[in-house]
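Chain identifiers are assigned alphabetically (A, B, ...) following the order of the sequence lines, protein sequences preceding nucleic acid strands; residue numbering begins at 1 within each chain.
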Amino acid sequence: MKVERNKWQNNFSEWYNELIETAGIQDKRYPVKGMNIWLPYGLRIMRNIEKFIHEEMERTGHQEVLFPALIPETEFQKEAEHIAGFEGEVFWVTHAGHDPLDVRLILRPTSETAMYSMFALWIRSHADLPFKIYQIVNVYRYETKHTRPLIRVREISRFFEAHTAHDSFEDAERQIKEDLEIFDNLAKKLALPYIVSKRPEWDKFPGAYYSLGAEVVMPDGRTLQIGTMHNYKQNFAKAYNIMYEKEDGTHEYVHQTTYGMSERLLAAVIAVHGDDRGMVLPPTIAPIQVVIVPIPKKDSPYDVFAYAREIAEELKTAGIRVHADERDIRPGRKFYDWELKGVPLRIEVGPRDVEGQKAVLARRDTLEKFTVERAELVEKVRETLDAIMENLYARAKEFLDSHIKRVDTLEEAKEVFEDRRGVVEIPWCGEESCGLEMEEILDAKMLGIPYPEEEAKIEGKKCAHCGKDAKFIARFARTY
RNA sequence: GGGGCCGUGGGGUAGCUUGGUCUAUCCUGCCGGCUUUGGGAGCCGGCGACCCGAGUUCAAAUCUCGGCGGCCCCA
């Protein structure tokens with residue numbers, strides 16, 4: 001048994017689309033384009049990811065809230081850049097029954113404009129700051145490009161957004177640092193290596209002072225943004241009149257930040273860790289961490305099903321998410337089935353194992369099989385799950401590192417995009433015009449410059465486009 | 001904005017050019033039974049479809065028109 005990743009890498013789109021349905025993540029047949037149905041198995045994985053998000057939010061003192069999905073046109077229009085950025089893709093609610101509405105409503109594409117008039121009511125004094133809330137809700141964007149389950153959808157059904165308010169730019173900056181730390185903790189739980197870039201001016205979040213984006217490299221070499229952090233400075237505060245009273249009695253606008261993630265996290269997990277047999281789920285989020293497959297044998301005196309149940313009970317008591325598969329189909333089919341669904345560890349128990357009080361463990365990530373003593377089972381299972389976690393991260397890190405290439409010229413950059421793709425890092429003078437032209441020439445997007453910015457600064461290199469002294473390393477990639 | 005292709009059971013398809021045993025093919029799936037089980041077994045029985053509407057015709061999955069939906073290419 002060998003891990004194959006041919007289709008995974010060479011025909012990723014097809015691999016991904018098939019898997020989303022066959023592995024029971026989503027049903028794409030819902031009759032509205034870009035709106036898919038979460039199936040039980042997929043939802044369970046997503047909930048497990050969200051469990052870590054909730055934990056991190058609690059750890060860092062964010063409070064969970066839920067805002068309405070509808071926003072009055074009048075609120076939506078308060079921040080100029082924000083409207084300009086979103087008005088082309090919002091869904092409108094224009095009627096109630098047969099009558100047109102006096103004030104039309106939009107289905108939130110994100111919740112800034114829903115939240116900030118309330119912030120103005122809630123935040124009174126410096127003692128209320130920092131103010132940190134978050135929610136996980138569905139948001140709507142009328143995507144005109146090709147939609148893709150979990151990646152580009154018209155209803156993002158698990159949209160995470162944290163919104164904070166602070167008494168100073170410095171404290172907002174501290175919040176961004178905290179966001180990055182939260183993201184790093186979460187990424188570790190998902191065994192996902194990633195890069196963070198500071199977005200160029202022309203690709204900031206509408207209304208932001210600056211934006212950061214975290215992305216992974218997908219099997220086909222395109223990047224997927226899976227997290228964003230924005231410092232709004234006082235842009236929204238001024239538009240929504242969010243002020244607080246300082247200790248000296250004067251009033252000042254708050255500084256704000258936001259932090260966003262979505263079901264793209266699941267897309268990244270599926271894509272990054274998968275192989276030609278299907279998904280490979282990190283044990284941390286796998287709904288079933290261990291599946292037990294009994295191998296019956298006619299005329300055998302041993303009850304392999306009872307043995308499987310005993311083992312399942314033992315593992316369950318040890319806190320492991322386990323399932324004994326007693327379906328009346330052949331074991332081989334069960335193997336394929338659970339491999340497709342990405343269960344990290346399989347235990348096979350046949351008459352031989354019952355007799356010798358043993359079990360066969362089969363790792364999903366490496367497809368290795370080995371026999372362990374029943375007495376050591378719990379310990380070995382724990383060890384193996386940890387080893388799988390580590391291996392998944394290491395394998396993904398290697399893939400990421402080998403898909404980031406630093407070059408000096410546009411010709412070299414072009415070659416990379418023609419070959420294995422990924423992220424290309426090029427010296428850049430920092431001028432917007434140069435950046436946009438390079439995007440054009442490379443047929444790729446500028447992700448931005450490496451963050452923290454100290455890592456992006458370079459000396460002694462020339463801008464790959466205009467030839468002037470380069471100030472930064474700029475990252476380019478084909479993106480999702 | 002311009003051009004092209006396509007809608008047949010849950011999924012994938014044959015049939016359409018030349019309308020007629022199409023009472024719609026095959027694979028897969030699903031349900032029931034027997035049998036089997038260390039990597040997708042086999043046999044028997046069953047379920048399930050022509051995107052919608054109008055037209056032409058003795059007769060439409062097949063031809064015509066309109067609608068709806070999907071995909072691709074170019075700008």
Between [N] and [M], how many Å separate the two [atom1] atoms, rounded to a whole number?
| N | M | atom1 | value |
| --- | --- | --- | --- |
| B/G42 | B/G66 | P | 49 Å |
| B/C63 | B/G15 | C1' | 16 Å |
| B/C50 | B/A61 | P | 10 Å |
| B/G4 | B/C26 | C1' | 30 Å |

Whole-Å distance separating the [atom1] atom of [X] from the [atom2] atom of [N]:
| X | N | atom1 | atom2 | value |
| --- | --- | --- | --- | --- |
| A/E18 | B/G10 | CD | C1' | 16 Å |
| A/I292 | B/G38 | CD1 | C1' | 16 Å |
| A/I329 | B/G40 | CD1 | C1' | 9 Å |
| A/L340 | B/G11 | CG | C1' | 14 Å |
| A/D303 | B/U37 | CG | C1' | 14 Å |
| A/R327 | B/G29 | CZ | P | 13 Å |
| A/W338 | B/G40 | CH2 | C1' | 16 Å |
| A/R333 | B/G42 | CZ | C1' | 13 Å |

Legend entry - Ring centroids of A/Y336 and B/G40 base under 5.5 Å with planes under 30°: yes

Inset, instruction - State whether a side-chain donor-acceptor pair under 3.5 Å links A/Q357 with A/E373. - result: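 No, because no side-chain N or O of A/Q357 sits under 3.5 Å from a partner of the opposite role on A/E373.
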
Legend entry - Donor on one side chain, acceptor on other, A/E431 and A/S433, under 3.5 Å: no

[X] side-chain proximity, nearest of [options]:
| X | options | answer |
| --- | --- | --- |
| A/D328 | B/G10, B/U35, B/G39 | B/U35 |
| A/K298 | B/G38, B/U36, B/G11 | B/U36 |
| A/R346 | B/G39, B/G38, B/G10 | B/G39 |
| A/P351 | B/G38, B/G39, B/G11 | B/G38 |
| A/P296 | B/G38, B/G70, B/U37 | B/U37 |
| A/R352 | B/G29, B/G38, B/C71 | B/G38 |
| A/V360 | B/C71, B/G38, B/G39 | B/G38 |
| A/F335 | B/G39, B/U35, B/C71 | B/G39 |

Legend entry - Touch class at under 4.0 angstrom, heavy-atom based, for A/K369 against every strand present: base

Inset, instruction - For B/C72, take OP1 and OP2 only and decide whether either is under 4.0 Å from a side-chain N or O of A/H146. - result: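 For B/C72, OP1/OP2 do have a side-chain N/O of A/H146 under 4.0 Å.
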
Legend entry - Phosphate OP1/OP2 of B/G38: any A/K334 side-chain N/O under 4.0 Å: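 Answer is no, no contact under 4.0 Å.
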
Legend entry - Salt bridge A/R475-A/E215, side-chain N to carboxylate O under 4.0 Å: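 Salt bridge: no.
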
Inset, instruction - Please check if the distance between the ring centroids of A/Y194 and A/F183 is under 6.0 Å. - result: yes

Inset, instruction - Test A/E201 against every option in A/K204, A/K198, A/R199 by the salt bridge (Lys or Arg N to Asp or Glu O under 4.0 Å) rule and name the one that passes. - result: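 Considering A/K204, A/K198, A/R199, a salt bridge (Lys or Arg N to Asp or Glu O under 4.0 Å) with A/E201 is found only for A/K204.
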
Legend entry - Contact nearer the 5' end of RNA chain B, comparing A/E21 with A/R277: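 Between the two, 5'-proximity favours A/E21.
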
Taking atom types as they are modelled, would you say the side chain of [X] forms a donor-acceptor pair with the base of [N] within the 3.5 Å cutoff?
| X | N | answer |
| --- | --- | --- |
| A/D353 | B/G38 | yes |
| A/R330 | B/G42 | no |
| A/E339 | B/G39 | yes |

Legend entry - A/Q225 backbone acceptor or donor facing A/R264 side chain under 3.5 Å: yes

Legend entry - A/R154 to A/Y140, cation-pi by 6.0 Å centre distance and 45° axis angle: no

